[in-house]
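So the structure is just underneath, and the comments pick up after that.
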Amino acid sequence: MKIYKSLDTLIVGAGFAGMYSLHKQLSEGFKGEIFEQGDDVGGTWYWNRYPGARCDIESMDYSFSFSEELQQEWNWKEKYGTQPELFSYAKHVCEKFNLRKNINFNTKITKAKFIKNTQSWLVTCDDNSIVKCRYLILATGNLSTPNTPKINGVDTFKGNIFHTGAWPKEMPDFKNRTVGIIGTGSSGVQSIPIIAETAKELLVFQRTPNFSLPARHSKLPIDKRENYKKNYLKYRQLAKNSSFGIAKYQPPTQSAFDVSENERNSIYQKAWEEGGQAMLFSFTDLLTDKKANDTAAEFVRNKIREIVNDKSTAEKLCPFDHPIGTKRLCLDSNYFQTYNKNNVSLIDISKKPIDEINKHGLVTNGTEYTFDDLVFATGFDAMTGSVNAINITNEDEVSLKSKWAEGPKTYLGIMVSEFPNLFMITGPQSPGVKSQMILSIEQHVDFIHNLIMHKKDNNYSAVNAKSKNQDEWVKHNNDVAHSTLYPLAHSWYNGDNIVGKKRNFMPYVGGVANYKNICDEIIESDYKGFEFS
Ligand code: N01
């Protein structure tokens, strides 16, 4: 076996997590490199180029805070960053910190095997070359393995097939074309209004309606941006002390039932007009008390009924299957209004699934729908998909995938017991996807970096998570989740969207501030739960 390269640190993935990780490693003098399957940096914002793709967290929040120079020099143009703007930002970060020379593009990692006697990882690339490294950091993202449902006959379709999570670089032209789209999660909700602008006809196949709130998107006024920049220190600190990692969403103080119905509805109305996720932060009990949640859910359903002209379409668009906020809340620009267009039809497939896809379209409930192009907005094998796609084995040749067969188990979402020197950034059982992702990335990378430095300073060769602490963390994660309404939804948080995936609530919903306090206490207690050898 020929080792093509030896590194201190191999990082998988050149999204924001991978890039910040690489920057930290290089700053400390480690020999580090990223291996990335795409041909550029950006991760999520490299792959998700679908029409209308933009972040659902405001740009001034969704950005790195670790470099004052970076946050002062970058000028966000839009309130919510578009995919092109976020992609440019990712490239800017890459160039500013001189990372590109340490990134191997167009290279997929297929295997990683821990070798006991050298206390290192042997990592195999898709061209079969092998890289040896001391530390292996998975910055593979939580929503990066597209899920294309296995529907009979999909290979026979004669038109173009697209997936929102792996969109082509060249934007397809839907002018004069009939487009079918499957999926009404965040990606569908964002792309449907834009595709409807040019397509001759758009057929939306909806299995489950989703709650969506208006984004109230706009250009970012320069004075607002500059004022935010002047006060970045304060805003970043507020974000760190919040539950979701967004400065303006501080913990609410009153129950939905502390106020009269009129007051409650005017608070919801104000949040609706403000846009964004504000409504979810109106009351303390919206995610813990179903009755409280019902008041917000009904408010939004009534908005849908007001917006959508056709009563039957409006009713089909009203979600009843899950409490509002227990699936990722969508933010939209004219999503419900789009169903008032003559060229848009909603096809309810909730009772009867799609029977088959054929040459010209698809068949559901005995009716054939024909279209020229088909878009899958069907989401991802979230949180575990990209980790399980790599055949990772420990010193006993036991695979991580088999360890996770009943659901992922991690310590803090960062390490997995019996897999030494392997780190995950925003892994399962961390607040990653339930937070402003870049804030969580920074906190995770800093924690991992501290762990590595502690190990290095003390001349240890390996660090491992203790299984007892891992079990306690998994239990804590589940206890917190089950004290909320989240498990009531069928969602990718639970793995429900992937056929055969074991149901487990994966993200940590205790909030980023609590999570950081726990991590800080662990550091202060000399890395409780970690063993060094
Ligand atoms: O995926 P989803 P997504 N037949 O899993 C349907 C982030 N994100 O790509 O609900 C028919 O939410 C499925 O139906 P059902 C964000 O965190 C962020 O939209 O399972 N339909 C659902 O409607 C988000 O939550 C941003 O019944 C099928 C849809 O496909 C996450 O990514 C933008 C089906 C999948 O929805 C994922 O969002 C985009 C089948 N066989 C994404 N299989 C922003 O920052 C699946 N569906 C704004």
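In listed order, ligands and their atoms are each counted from 1. Reckoned from all heavy atoms, side chains included, excluding hydrogens, waters and symmetry mates. Remember, predicted model here, so these are calculated numbers, not experimental data. Counting begins at 1 with the first residue of the sequence.
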Do the side chains of [X] and [Y] get close enough for a salt bridge, i.e. N-O under 4.0 angstrom?
X: Asp39; Y: Lys169; value: yes
X: Lys341; Y: Glu201; value: no
X: Asp61; Y: Arg236; value: no
X: Lys219; Y: Glu78; value: yes

Quiz prompt | Nearest-neighbour protein heavy atom for atom 45 (O) of ligand 1, which is reported as residue plus atom name and distance | solution = Asp56 N, 3.1 Å
Quiz item: To which protein heavy atom is atom 35 (C) of ligand 1 closest, and what is the distance rounded to 0.1 Å?
Solution: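 Here the closest protein heavy atom is Ala377 O, 3.4 Å.
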Quiz item: Within a strict 4.5 Å, meaning less than it, do heavy atoms of the Ile354 and Val363 side chains meet?
Solution: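 No - every pair of side-chain heavy atoms lies 4.5 Å or more apart.
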Taking both backbone and side-chain atoms of [X], is any N or O found less than 3.5 Å from an N or O belonging to ligand 1?
X: Ser186; answer: yes
X: Trp45; answer: no
X: Thr164; answer: no
X: Asn210; answer: no
X: Gln190; answer: no

Exercise. Measure centre to centre between the rings of His322 and Phe211, then say whether the value is under 6.0 Å.
Key: yes
Quiz item: Just which atoms of ligand 1 are under 4.0 Å from any heavy atom in Ile349?
Solution: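 With Ile349 as reference, the close atoms of ligand 1 come out as 11 (C).
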